[in-house]
Structures are given as C-alpha cells and as structure tokens.
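Report on one structure; see the data block that follows.
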There are 2 protein chains.
Amino acid sequence: MPRRADAGEPATRRATIRDVAAAAGVSIATVSRILAGNYPSAPATRTKVMRAVRELDYVANAHARALSGATSKTIAIVLNSVISPYYAHVAQGVQTQAAHHDRLCLIGTTGGDPDRELATVRLMREEHADAVILVGNVVANDDYRARMAEYAHALSAAGSQLVLCGRPPLGRDVPAIAVEFDNTGGAYAATSHLLSQGHQRILYLGHRPGYTTSEGRIAGYRNALAAFGVSNDLDLEVEGTLERNEGYRMMKRRLARGTPDFTAVFAANDQIAAGARQALREHDLRIPDDISMVGYDDLPPAEDIGLTTVHVPHEELGRTAVRLALEREGTGATGAAHVMLGTHIVVRDSVRPAVRKA
Amino acid sequence: MPRRADAGEPATRRATIRDVAAAAGVSIATVSRILAGNYPSAPATRTKVMRAVRELDYVANAHARALSGATSKTIAIVLNSVISPYYAHVAQGVQTQAAHHDRLCLIGTTGGDPDRELATVRLMREEHADAVILVGNVVANDDYRARMAEYAHALSAAGSQLVLCGRPPLGRDVPAIAVEFDNTGGAYAATSHLLSQGHQRILYLGHRPGYTTSEGRIAGYRNALAAFGVSNDLDLEVEGTLERNEGYRMMKRRLARGTPDFTAVFAANDQIAAGARQALREHDLRIPDDISMVGYDDLPPAEDIGLTTVHVPHEELGRTAVRLALEREGTGATGAAHVMLGTHIVVRDSVRPAVRKA
C-alpha cells in the first residue's frame, strides 16, 4: 500500500500524485512538473520521483497527466508553404505576437490547393482558434471573394475571426480584417531610384497578371516611368512566377535574344533577383558594373548579394494581424477592418548611374 | 415555398440544397462545390446559385456546410521557428509527403520554450494527429530523454506516434521513430576537403557543446584533423549559436585579435558562413582568395555566395519521417525505429589551396 502524505486521508488502492510526492519526499508541484517533463528538475530529484512512480505503479496516470489538461488557445496561420522566406517571416511575426498573448501558434500549409485550404480553415475552426490568418498573393476574383466571405462568416459564427495578410480587404459587409503593405509605393520608389540614375530601359522581371501583389508592384513601376516621362515598353515587362529558378530562366531567355536591350532590372522579388543575377554572371555580366538591379522584399539573400531592394515589414505584418484580431476579443466587434503598412527602399550596392548614349 | 427538384418529395419549410440546385437550375454537386468555395465554378453559375441561396434563406446552412464535415487527418510537426531554412525545408518535406497520403500538415512553433512544446504536443494529440514530428538540435540530457519518453508513451497510447527528426534515438524501450542524418560524416568530408588543399589552421565557427548536431559535426572535424595528422588547437574551436548575426560577431571578434591565425574556416552552418563572410569583407579579406571557407546544410544563401558546403537532405528527412510513421498504421507496430540519412559535400568556389609557408 502506498505511503500517505496526509494521515487524515483514507488510504486508496490507486496511487495519487500525493502518494508519489510523499514517497519521493518532494512537493506535489515537483512531481507534477517532472511528470509533465518541464524544466527545470535536478536529475537526482527526477530519479527519486520516477522510482516512486514505478513503485506505486503511477506510470499510467503519469502519461495521462503529462499530456492532459485544458486545450491551449491558438492563433492559426494558413499559407502555401514555409519555404518561401516571405511566408516564413510573416509566420514568425504571428508566432512572436501569439506568444506575447500566451497563445499557441499553429501553421497550416496548403501547397496552394484550395481544397486543402478549406480543410485547414475548417480544422482551425473546430480547433476554436482565436483567429485564422490567411497569407499571400492571390487572384482576387469572384470565386476567391466568395470563398473568403464563406470563411469569414463561418469563423465569425464560431467566435473566431478571419484575417487576410498581404491581401486586399473584402468589403464592408464581410467580417474580416485585412492587413496589407504598400506594394505600389515601394515599387514606385525603387523604379524612381533607377530612373534618377539615368536608367530608362528597365526590365521588369516576374509580372503575374491578375495577382494582387504583382499588380500593385507593376503599377508602381509604370507610375514611376510615367512620372519621369519615360514611355512604357511592354516588351520590357516579363511574365513569370516568383521563384529563384524562374528568375534564372527568365533572364537566360532574355539574354538568348542577344545584347541586353536594358541597362537595369526591376526584379519583382529578391528570389527572382538572385536567380537573374546568376544568369547574368554566366554571361559575364556583373551587377552593378554592367547591369543595375533592384529587388523587392528585403529578405535573404538580398543582404548577401548586396541587393538594393524594397523593405517589406513581414514580421510586423504578422504581429499586426494578431494584435488587431485579439484587440477585438470580448468587444463584440466583428466588422471589417483594414490596415496598410508602409514600405521603403534599402540602398545597397546593385545600382550605378547609366552610361548615357552620346 | 421553395421550388422542388423532386415532385415525389414533400415540400419542407426549411430549404435544402436540393431546393437551391433546382432554383438555380444546376446540379446539387455544383451547389455544394460553390458553397464550399472550391474551384472551379463560372462566375455566372455562382451568381445564380448565390441568388437562390439568398431567396431560399439557405445562407445559414451554407456557412455550416462550407466548413463542416469530418475532421481531416493530420500530420503534425513541431519546431522552434520557421525562419530557419533548416526547419522550413524539413517542414516542406513533411508537407509534401503528408499531401501525398492525403493528410493535412500542421506546424506548431515553440520558440524553443519547453512549456510551449508540451502544450503543442498535447494539442496535436487531442487533434488525433497520425504522427507528431519533433525537429532540431537538442541537448539530449536526462530531462530531455524523460520528456520525450513521456511524449512517446502518451502519443502511442492515443494511437499516434512520436517521430524525432535530426535527433538521436531514445532507446529500444521508447516507442519513437528517429530519423537522423550523418553530421559526423559530412563534417569529416568537408574538413578533409580543406586539409587536402593544404589547410592546417582551420577555424571552426559555431560549436555548441552538448547539442547533438553540434557534437556530431565537430567530431567529424576533429576526426579529419587526426586522420591527416594535424594537431587539434582548441583555440581554433569557437563557441557560438547558429545564426547569421552570430557568425558575423564571432568573426569580427576573431579578426579584432589581429592578422588571422587561420587560412580556412569551417562554419557550423551556411548561415554562420554568410555572416562570417560579411565580417571578412569588412576587413578586405575575400573568399576564397584570402580565406577558404566551407559551410554546412546547403541551404540559402549557400548557392548565392558560391559556398562549398555539406548537403543535408532536409526535405527527404521530413518525407522519411512521414513515410515511416504511416507505414506503421494498422500494423500495430509501436517499437523504436531508427534511420540514418547520408550527407555529401557540394563543391562550389569558396576553397583554394593554402599558400604553404617556406
């Protein structure tokens, strides 16, 4: 029969944590902490406790105890993949702010599959996540808006909230929070930086027609050309996706046409810039000596390749999403909200003045 | 009263999806798909269906339908943060393989806090995840092993499984799967590559005593020195964490001592290599002209800085973790399993023969 810590209590066949604590000569809190596997506990103490656990056949309870308890509150973020530094840094911001509010951070990845997105949002709703944050570049067509509206209403009905990160708002009648950053302003600043150095033939690499982020960035590029009175040659706008390999392929194809008909490159993001840079090197073209280049995002490897780029506050985007969602808790507020974060150019060493033709 | 698609069926006050389909003149499947918000559906069709939904006051059901249904099966991965390319690429492998088996991928981030790790594992267990994959560098002390054993037994009791990725196995008596990669072999190959080029003073940047990954890598470094008959100068082993900024700081401190007393650098990972490279540049020291360098992981920005490094199969690590876990489903197998994946050196342009002293 187990030793008893409290003589006033009747002995029971089943050992309790109290018995274990008494047998090990430690406090109940210590036993609980050790069984839960949390730091810190001295090896000697752990040994005593685990021996008592074995002697009292308390193991079964121990395993249950170690992983039972009230479900923690969570903040969910849903994205295509965590390989993209863009998504990873937004998720990092969500994690940081969630921890600040003592919430767990759960990340669902969809691989860009709408069915997996739906299933993930459903799971997060059943999980009673305080907020479900959707991130990333989309084609904001009717189907998309209808799908998001369904999510927003269903989450709202479940006491949760839909937050869109880096996406446009859905309109007043949809209970969702939208946190955007200024794609157009940043692209305008980056293009102006090239134009003010005398570049007039600026190759735009990585346009994705219809995608909100892409449309915002190329709008800034076009606005800057117009402001500097430079005609917009559509042959300089190259369509492509936003991966490094695509940047490499786009530049290889362009250089296959012969001597570059551009003096500078606006890469739609830093990944494209890194890929294009590699293609230029294979043709003995150096940045910035032969070709000037600007990127977008200010994410790795921008710093390592000395790339002048546009800083996007990715982590702040994630933190703001969580802050806005949790500020509403208990307030009953459920309407639409919209925040636009600023972007700014970061000058490194990838731009030189253009050599003017005589 | 709603129109009816089936005259044989009595009219009901409450509109059904059948009524919506009839009113919109489309199939029930189409209504269901549109209400679920899945692609594809023509805007015109969606408009017809949503009008019918409004007319028949089917909206409440619609929201429920859109996000109700059986909970999807999930694979969970728990890591410190998704900012590290190491974790992100393992998670990408898990996501890919989970999708292959029609499972959702849930990522829990802990920020390295054991309490958050416990809460996350608990959540995943309540979520009935098919497997819970823990990733990353740890100090495999008694507390750690006891905590993992608790997880393994609790998950096993719940019909789930614990998988350790990039961590040593827990022993025969613990029902956990361990998938490791050969840290020592890769470090031996990278160090031998430097030694065979005549480098004898090789600065090891980023040793973390006690951490299993770190101990494995420095063991390979030391074994290679021994094999080449080069004495191991402990002053060349620099302790530090594995971030880019730490690599920068470690190298800045080292160079503050005066002329480098080393001809090559073994960076414990590519992030450290990138930071150290920046510090060297600030002292007008170029790679590989002045200093040779090898990294570890073969992750961004290794390719962009032309770094010779050790390739670690991160995505394969994640895919293997999922495969091994799911292979056991229904087999009743619950014992320990252990797999070691190989690593190999990737030669780029960061190593030159050492200038031999006269």
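Chain letters run A, B, ... following the sequence lines, proteins first and then strands; every chain starts at 1. As the structure is a computational prediction, the values presented were derived from the model and not from experiment.
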Under the criterion side-chain contact (heavy atoms from CB on, under 4.5 Å), I'd like the reasoning laid out for Asp298(A) against Val312(A): C-alpha separation, chi angles, the key distance, then a yes or no.
CA-CA 7 Å; Asp298(A) 194 24; Val312(A) 173; over 6 Å; no
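- For Arg145(A), no part lies under 4.5 angstrom from a heavy atom of chain B.
- With a 4.5 Å cut-off on side-chain heavy atoms, Leu123(B) and Thr120(B) do not count as touching.
- Closest heavy-atom contact between Asp270(A) and Ala302(A): OD2-CB, 3.6 Å.
- Neither the backbone nor the side chain of Glu117(A) comes within contact range of chain B; no heavy atom of the residue lies under 4.5 Å from a heavy atom of that chain.
- Here Leu106(A) is the residue among Asp102(A), Leu106(A), Thr110(A), Asp142(A) with the most heavy-atom pairs under 4.5 Å with chain B.
- Per-residue heavy-atom pair counts under 4.5 Å with chain B were compared for Val78(A), Ile83(A), Ile305(A), Asp113(A), and the maximum is reached by Ile83(A).
- At least one side-chain heavy atom of Met293(B) sits less than 4.5 Å from a side-chain heavy atom of Leu280(B).
- Thr96(A) does not touch chain B: none of its heavy atoms, backbone or side chain, sits under 4.5 Å away.
- Ranking Arg277(A), Met124(A), Gln92(A), Gln278(A) against chain B, the residue ahead of the rest is Gln92(A), based on heavy-atom pairs under 4.5 Å.
- Between Glu246(B) and Arg249(B) there is a salt bridge, since a side-chain N of the basic residue sits under 4.0 Å from a carboxylate O of the acidic one.
- Here Cys105(A) is the residue among Ala76(A), Cys105(A), Gly108(A), Pro85(A) with the most heavy-atom pairs under 4.5 Å with chain B.
- Ion pairing between Arg319(A) and Glu316(A) holds under the 4.0 Å rule for side-chain N and carboxylate O.
- When all heavy atoms of Tyr144(B) and Leu164(B) are compared, the pair lying nearest together is OH-CD1, 3.8 Å.
- Heavy-atom distances place no part of Met148(A) under 4.5 Å from chain B, backbone and side chain included.
- Of the two parts of Arg281(B), neither the backbone nor the side chain holds a non-hydrogen atom closer than 4.5 Å to a non-hydrogen atom of chain A.
- In this structure, chain B has no heavy atom under 4.5 Å from any part of Ala157(A).
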